[in-house]
Amino acid sequence: MRLLLFLLTLIFPGWAMAEGVIVLDDTGREIRLEQPAERVIALAPHLTELVFELGAEHRLVAVGAHSDYPAAASALPQVGSAQRLDIESILAQSPDLVLAWDSGNVQRALRQLESHGIPVYRSEPRRLEQVADNLRALGVLLGRRDSGQQLAAAFEEELGRLGRIYADRAPVAVFYQIWDQPVMTVNGEHLISEALQLCGGRNVFADLPRLTPRLDAEAVLERDPEVMLASAEPGGADPLARWRGHTGLTATERGNLLLLPPDLLVRPSSRVLQGVAALCEALHQARLRRPVH
Amino acid sequence: MALLEAHALQVAIPARPSLMPLSCVLEAGERWAILGPNGVGKTTLLHTLAGLRQPASGSVSLDGEALHGWRRRRLARRLALLFQEHPDPFPSTVLETALIGRHPYLRAWEPESAEDTRIARAALARVDLAGLEQRQIQTLSGGERRRLSLASVLTQQPALYLLDEPTNHLDLRHQVQMLSVLREEADAGACICMSLHDINIAVAFCTHVILLFPDGGTCAGPTDEMLETRVLERLYQQPLERIHRPGKPPVFLPLP
Amino acid sequence: MRVRPTLIALALIAPASLLLALAVGSSDVTVSALWSLLRSEATPFERLVVLDLRLPRALAAFGTGALLALSGALLQVLLRNPLADPYVLGVSGGAAVGALLVMLLGLSGALVPPAAFVGALGSTLLVFGLAQAAGAWAPERLILTGVVIAAGWGALISLILSLSPDTDLPAMLYWLMGDVGQGATPWPALGMTLLVLVLALPLGRSLNILARGGLQAEVLGVSVRGLEWAVYLLASLATAVAVTTAGAIGFVGLVVPHMLRLLIGNDQRLLLPASALLGGSLLTLADTLARTVIAPEQLPVGVITAMLGVPVFLYLLYRSRA
């Protein structure tokens, strides 16, 4: 019976059961509501963004910390940061649905919410196309099934378009630095690594076992990436500063130490495509700087 | 000139009323005992005489100079103090421990010379510790450790020995040996001043005594004038029997 | 006592640990590169890795380890307690609060070392002032004051960690665990090591006597108060510079002097330089391990020193009881 239900939801996401709605979240749990949610709390910035995209912001009663996009989200009541949720103020809002970030929020807190009878949708997009899945599922849960379908389709189309343009271009060896002290990067499992691949880039540390490994500086130099990337606030400190002094590196000699706008690539909402596009453009520029033989 | 002079000295004993003022003059060659019941302030008096504590009132002078005017290093060449306890938190050898007595004679960078080592070894031999130079102090028995402390004090070659219960932990043979070493020092011109629990050692060995009474009274003077049964009974609040020995100092025994 | 063999071994281990740190790493630049470097035949990449990356880092590790061991040795004498470590008086907590505050406020990373230094010295003065104000300067009072202040810093650190955005946490946690690889310059640590040795060695014999007790030292002509001030100041400065260079690395300051004391005794004139050599070598080796065990990924060096330090210390403790 469960399997049948699962297959059905694969074919018809948001398959209506009587008057209620039912979806599977990214962790395979089924979320069953008698009617679309009216009082929703989003515990991670990307979930807040998705709710706004779906045009369901009037159902959003509170958000987790750092939900700063769109600007209107900042005005909503806050219920604590990802690691330290304020269960009391969540319950005080009497939500009928909580949107959680599976690996970012504390599981114990999420289970506590469920034990109070609050349905919890766990989002965990590990691949870009899962953003579309999230849009469809949230569309169903928030009574915005049609905009969910449309936004998801648009997302998939843009993703495909970027892939068609860039994926088969000459590969570029990339070091993507997510943190400067200590130096940290991402491995092949990470969303950023997939975005790199989509743009015809190759993550030089894709082979490491941990999702966000901490690196020895000389390992970066040894793999001699053609491009070094990091995201930074405009006018903020330069996270790539330490590499700029090293001569004899392909990336420094070609001027390929590039900064991307912040947040876009790490928040799996539709805006991630802007980040991917900026990334593809950066790699494109790097290809243009290749010496002509 | 007097070696050490206490004038109307009142020692400050934490959480107790001060003792009555004490005046006494210690000369070279004399052997003094400080007697009194537990907790009356014998150790505090010794520390005050050594300049480690400020007196509550009165003064102490060494070689006619007020004690607080002495620089510690110079003072350490004239006056040594044997402590009641030695905590020894760190490892050290017997020879190293004996050598600390040379500290006041050496400049900062100066290593101990062969002469210093010779003095230390001689001191060890006098307290029957020859041959144990390289032993760790943690492996010594209580009595051996006590004799080692005396060796450190001997190595310091002071004019005034202040000793806090020096015979503690010692077996009878080593008690007698320690006293004879101290007698040699006094005969050579040093002054000995030690706190004791054993009246009979004071009677047999000391030329002078300082008595600290439980009611705060103090007095000082030659042994044969001071040590009367009645006075000692008041000192220890304990009935005593005085056993007369012709031609020898008397012996005091506690009565049940 | 095995004084001579221990000193000879130390004189060999120190340069060997530095050479090893230069010769291994996550890239395949190895001993042969050192050889070609000596003959000026090295490739630019070899020069880059050995001279720009490994050398400063190895020297920073050496200096930091030396300072921690020196500070531990000095504080153990000051507190007459062989189990004292450089952080017992709250120096690392103060440094951590300074460093983490800078990170929390989002100020430039360049401000982290000075803030750590100010925090370390601030904590030192606070503990000193409190112990002093209470009247007598007794080792027990100093230790208790330090322990309480350190607990206070611990609470502040937790507060800062819980107020910080998740994105700042990796840097903060690595700082707290101790980490040489933060692009630290080695010169303050090495310079401070020399300074401490030059200032402390002439005090060596006085320190030996201070170790036997404050009153004992005074009776032997040591001006105890001045000496304790000097030791306190030197040890605090040494810890402050070490913590500023590489965060709060544990166990080096506790284990190294303790271990050496069992081998060569407690003569500070030997113990202090030997501690500097062994502490430096140990941290250099630990940092080399941290860089290479799961290369190209890195472990915080504090994890390595603790993993080496805990069993060694337990062994020493067990042996000394037996």
Side-chain angles (χ1 to χ4, degrees), chain A residues 44-45 64-68 80-84 86 101 103-106 175 177-185 187 204-205 207-224 231 233 236-239 241-243 245-250 252-253 262-263 266-267, chain C residues 22 24-29 33 43-57 99 103 106-113 161-175 177 179-184 247 287-288 290-301:
Chain A
H66 309 298
S67 289
D68 51 6
S81 67
Q83 287 292 312
R84 281 173 294 272
D86 181 355
W101 175 25
S103 63
N105 294 130
V106 179
F175 165 60
Q177 178 184 287
I178 56 167
W179 198 254
D180 60 338
Q181 275 193 349
V183 176
M184 290 172 82
T185 188
N187 76 354
V204 293
F205 288 108
D207 58 319
L208 296 185
R210 247 166 301 274
L211 191 65
T212 54
R214 172 181 182 245
L215 291 175
D216 181 16
E218 82 181 60
V220 177
L221 302 187
E222 191 191 30
R223 302 205 178 188
D224 195 19
S231 70
E233 299 280 351
D238 176 9
R242 72 151 72 201
W243 308 112
H246 292 306
T247 49
L249 293 175
T250 311
T252 48
E253 285 184 357
D263 292 344
V266 289
R267 283 196 193 171
Chain C
L22 294 185
V24 301
S26 53
S27 67
D28 55 9
V29 174
T43 65
F45 181 68
E46 286 170 338
R47 295 182 64 84
L48 174 70
V49 166
V50 175
L51 296 182
D52 288 4
L53 294 179
R54 291 182 192 167
L55 184 62
R57 182 164 175 170
M103 298 184 197
L107 303 175
S108 155
L111 284 178
V112 169
L161 286 178
S162 48
L163 290 179
S164 302
D166 296 348
T167 48
D168 282 355
L169 287 178
M172 290 185 171
L173 291 177
Y174 277 110
W175 201 93
M177 281 189 271
D179 180 24
V180 189
Q182 299 179 27
D287 185 54
T288 308
R291 289 190 288 126
T292 50
V293 173
I294 54 164
E297 291 189 49
Q298 283 194 68
L299 295 170
V301 70

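By convention in this document, chain letters (A, B, ...) are assigned in the order of the sequence lines, proteins followed by strands, and residues within each chain are numbered from 1.
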### Task
Could you give me the CA-CA distance, side-chain angles and deciding distance for V50(C) and L55(C), then say whether side chain to side chain contact (heavy atoms under 4.5 Å, CB included) is met?
CA-CA 6 Å; V50(C) 175; L55(C) 184 62; 5.6 Å; no
### Query
chain A heavy atoms under 4.5 Å from R47(C): which part of the residue, side chain, backbone, both or neither?
neither
### Query
Quick one: what part of I294(C) sits under 4.5 Å from any heavy atom of chain A, side chain, backbone, both or neither?
side chain
### Query
Which one of D52(C), L48(C), V49(C) has the most heavy-atom pairs closer than 4.5 Å to chain A?
L48(C)
#### Entry: side chain to side chain contact (heavy atoms under 4.5 Å, CB included) partners of D238(A), counting only residues at least two apart
L240(A), A241(A), R244(A), L259(A)
### Region of R210(A) that comes under 4.5 Å of a non-hydrogen atom in chain C
both
### Under 4.5 Å from a heavy atom of chain A, the part of S162(C) involved
both
### Message
Please classify the contact of A65(A) with chain C as side chain, backbone, both or neither, using a heavy-atom distance under 4.5 Å.
### Response
neither
### Task
Without swapping roles, check the side chain of Q298(C) against the backbone of R214(A) for a donor-acceptor pair under 3.5 Å.
no
#### Entry: Worked check of side chain to side chain contact (heavy atoms under 4.5 Å, CB included) between R223(A) and S26(C)
CA-CA 10 Å; R223(A) 302 205 178 188; S26(C) 53; over 6 Å; no
### Set of residues satisfying side chain to side chain contact (heavy atoms under 4.5 Å, CB included) with respect to P45(A), sequence neighbours excluded
H66(A), S67(A), R267(A)
